[in-house]
Amino acid sequence: MAKTKVATVWLDACAGCHMSFLDIDEAIIELAGLVEFTRSPITDIKDFTPVDVGIVEGAVGNEDEEEVVKKLRENCKILMAWGDCACFGGVVSMRNLFEKEEVLRRCYVESESTGKGKIPSSKDIPPLLDKVKRVDEVVKVDCYVPGCPPSAKAIKYALEELLAGRIPILPSEVMRFD
Ligand code: SF4
């Protein structure tokens, strides 16, 4: 039987959602028999190829992340948002309370640990968007796995439902809101 192809991306995020996925422990061995990971921080493959499921950790905070999530959407049949940052903006959207320039100045110039700081500028650094966006403000999302991070149980349940051909509706006992 052909394996289900899955790509995952990590945008404006802390990696906690991917770490929570790895917490499914030995179930990952069974999953490895059913799923082929293509582009993902897990495989370190950078190119997009068509997949069955695309998974997004993190919100959209800069122009590069906006491009990445659009490319993933173009290349997947089902797009799943993992974690509060992807689903709702989460902690990374706290910067939306301020102007982008204020955030950069506070971070790189005014912070107590900064000496003669300056705001970094290079063509290799993707420009920040004015405001952090939820993933579904940029592309269509088919299913959501909230939590910060989502529990390993929730991630496992969602993947199993997708592998069974169903869009997951998470039962409350696997949800985590802390
Ligand atoms: Fe990290 Fe929580 Fe955001 Fe996941 S939802 S990337 S764990 S801050």
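No experiment lies behind these values; they were computed from the predicted model shown. Numbering starts at 1 and runs along the sequence shown.
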Looking at Glu112, Glu99, Glu101, which hits salt bridge (charged side-chain N to carboxylate O under 4.0 Å, His left out) with Arg106?
Glu112
Mind checking the [atom1]-[atom2] spacing from [X] to [Y]? Nearest 0.5 Å is all I need.
X      : Y      : atom1 : atom2 : result
Arg95  : Lys100 : CZ    : NZ    : 7.5 Å
Cys148 : Phe88  : SG    : CZ    : 11.0 Å
Arg105 : Glu110 : CZ    : CD    : 5.0 Å

Any chain of hydrophobic side-chain contacts (each under 4.5 Å) joining [X] to [Y]?
X      : Y      : value
Ile78  : Val56  : no
Val35  : Trp10  : no
Leu97  : Leu128 : no
Leu163 : Ile24  : yes
Ile29  : Leu159 : yes

With the side chain counted from C-beta on, respond yes when [X] and [Y] share a heavy-atom pair under 4.5 Å apart, and no when they do not.
X      : Y      : answer
Ile155 : Asp23  : no
Leu72  : Val68  : no
Val145 : Phe21  : no
Val141 : Arg134 : no
Tyr144 : Leu170 : no
Asp12  : Asn62  : no
Ile28  : Leu22  : yes

Could you tell me which non-hydrogen atom of [X] sits nearest to which non-hydrogen atom of [Y], and how far apart they are?
X      : Y      : value
Cys76  : Gly54  : CB-N, 3.6 Å
Ile167 : Asp142 : CG2-O, 3.8 Å
Gly89  : Ala59  : O-CB, 4.0 Å
Gly147 : Asp84  : N-OD1, 2.7 Å
Val135 : Gly58  : CG2-O, 3.5 Å
Glu65  : Val60  : OE1-C, 3.8 Å

Go through the structure and list residues passing ring-ring contact (aromatic ring centres under 6.0 Å, His included) with Tyr157, not counting sequence neighbours.
none
Please check: side-chain N/O of [X] versus main-chain N/O of [Y], any donor-acceptor pairing under 3.5 Å?
X      : Y      : value
Glu57  : Ala15  : yes
Ser93  : Asn96  : no
Ser151 : Val174 : yes

Classify the angle between the aromatic ring planes of Trp82 and His18 as parallel (below 30°), tilted (30 to 60°) or perpendicular (above 60°).
perpendicular
Test side-chain contact (heavy atoms from CB on, under 4.5 Å), reference Val138, set Glu66, Arg73, Glu67, output is Glu66
Pick out which of Ile42, Leu162, Val53 makes a side-chain contact (heavy atoms from CB on, under 4.5 Å) with Val6.
Val53
Take atom CD in Glu30; do more than 12 heavy atoms of anything else shown fall under 6.0 Å from it?
no
Trace of the side-chain contact (heavy atoms from CB on, under 4.5 Å) decision for Lys3 with Leu34
CA-CA 5 Å; Lys3 290 184 177 182; Leu34 304 171; 5.9 Å; no
Are any of the side-chain nitrogens in Glu74 or Lys140 under 4.0 Å away from the carboxylate oxygens of its partner?
no
Pairs in or reaching into residues 34-56: which pass side chain to side chain donor-acceptor pair (under 3.5 Å), with residues at least two apart or in two chains?
Thr8-Ser40, Asp44-Lys46, Asp52-Lys77
